[in-house]
*Asks:* 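Provided herewith is a single structure, encoded as structure tokens, for subsequent inquiry.
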Amino acid sequence: MKYWLLKTEPNTYSWQDLVNEPDKTTFWEGVRNYQARNLMRDEMQEGDLAFIYHSVVKPPAIHGIARIVRAAYPDHYAHDPGHKYFDPKDDPDNPRWVMVDVQAVQAVDPPVTLDEIKKTPELQNMVLVNNSRLSVQPVQPEEWRFILSMRGISL
DNA sequence: GCCAACGTTGGC
DNA sequence: GCCAACGTTGGC
């Protein structure tokens, strides 16, 4: 069992949007970065848990916890001309990009802000602190547990 | 809106 | 294969 952090811009897709989905489940499409792709494809497994993090907005923060309910499979939007996430270099016979399915598990309320994380000594090694641009990030078990403890969440 | 950090592209 | 130029991300 591994832990992750998935970034999203809530103006495009938010934690609340995920909660409002049928079965609280959606496909996490549109990852177009090789490092993030490799993590999803090679490391992420069904049953893993992930923080859903809102970027760009103020304040950037972790808003919820989701479960990976389907491991990586081809992101067909990559070979859908005209789609926002179309990649002209993608070969449908050898898909370059993948997506996973995620299901909302529980809100983190109030959200854990980036500011709060940066002020917490135990969380200084988080990828979020050191490479906030990465859109799919591994979270260490002790970091995961520490953040849950900040909101009294037990899973 | 700025800009630092990071990623990608393409000429050589 | 190197690296300069360019593009994107995302916090501030």
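Hydrogens, waters and symmetry mates are skipped; everything else that's a heavy atom, side chains included, is used.
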*Asks:* Could you give the CG-to-P distance, from L128(A) to dC6(B), as a whole number of Å?
*Replies:*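 Between P of dC6(B) and CG of L128(A): 14 Å.
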*Asks:* I need the CD-P distance between E9(A) and dT8(C), as an integer number of Å.
*Replies:*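 Nearest whole value for this atom pair: 13 Å.
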*Asks:* What is the separation between atom CD on Q137(A) and atom P on dG11(C), rounded to the nearest whole Å?
*Replies:*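 In whole Å, dG11(C) P lies 10 Å from Q137(A) CD.
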*Asks:* If I take atom CG in residue N131(A) and atom C1' in nucleotide dG11(C), what distance separates them, rounded to the nearest angstrom?
*Replies:*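 Taking atom C1' of dG11(C) as the reference, CG of N131(A) is at 13 Å.
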*Asks:* Can you work out whether N130(A) or K58(A) has the more 5'-proximal nearest nucleotide on DNA chain B?
*Replies:* K58(A)
*Asks:* Could you state the interatomic distance from CG (D17(A)) to OG1 (T8(A)), rounded to the nearest 0.5 Å?
*Replies:* 8.0 Å
*Asks:* Hey, could you give me the NZ/CG distance between K118(A) and L128(A), rounded to the nearest 0.5 Å?
*Replies:* 8.0 Å
*Asks:* Rounding to an integer number of Å, can you tell me how far R96(A) CZ sits from dG7(B) C1'?
*Replies:* 14 Å
*Asks:* Would you indicate what L134(A) reaches in the nucleic acid, counting non-hydrogen atoms under 4.0 angstrom: base, sugar-phosphate, or nothing?
*Replies:*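 No contact at all - L134(A) keeps every heavy atom at 4.0 Å or more from the nucleic acid.
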*Asks:* Using distance alone, with no hydrogens and no angle criterion, decide if R96(A) and Y34(A) have a side-chain donor and acceptor under 3.5 Å apart.
*Replies:*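 Yes - a donor-acceptor pair under 3.5 Å links their side chains.
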*Asks:* The side chain of R133(A) lies closest to which of these nucleotides: dA5(B), dC12(C), dG11(C)?
*Replies:* dA5(B)
*Asks:* Should Y53(A) be listed as having a side-chain N or O under 4.0 Å from OP1 or OP2 of dG11(C)?
*Replies:*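 Looking at the OP1 and OP2 atoms of dG11(C), one of them is under 4.0 Å from a side-chain N or O of Y53(A).
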*Asks:* Which one, dC6(B), dG11(C), dC12(C), comes nearest to the side chain of S132(A)?
*Replies:*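 Within the option list, the nearest is dG11(C).
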*Asks:* dG11(C) C1' sits how many Å from N11(A) CG, rounded?
*Replies:*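 N11(A) atom CG is separated from dG11(C) atom C1' by 15 Å.
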*Asks:* Starting at atom CD of Q35(A), determine the distance to atom P of dA5(B), rounded to an integer number of angstrom.
*Replies:* 17 Å
*Asks:* Send over the distance from K118(A) NZ to dG11(C) C1', rounded to a whole Å.
*Replies:* 6 Å
*Asks:* What I'd like to find out is whether the side chain of F146(A) reaches to under 4.5 Å of the side chain of I117(A), using heavy atoms alone.
*Replies:*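 The answer is no; the side chains never approach within 4.5 Å.
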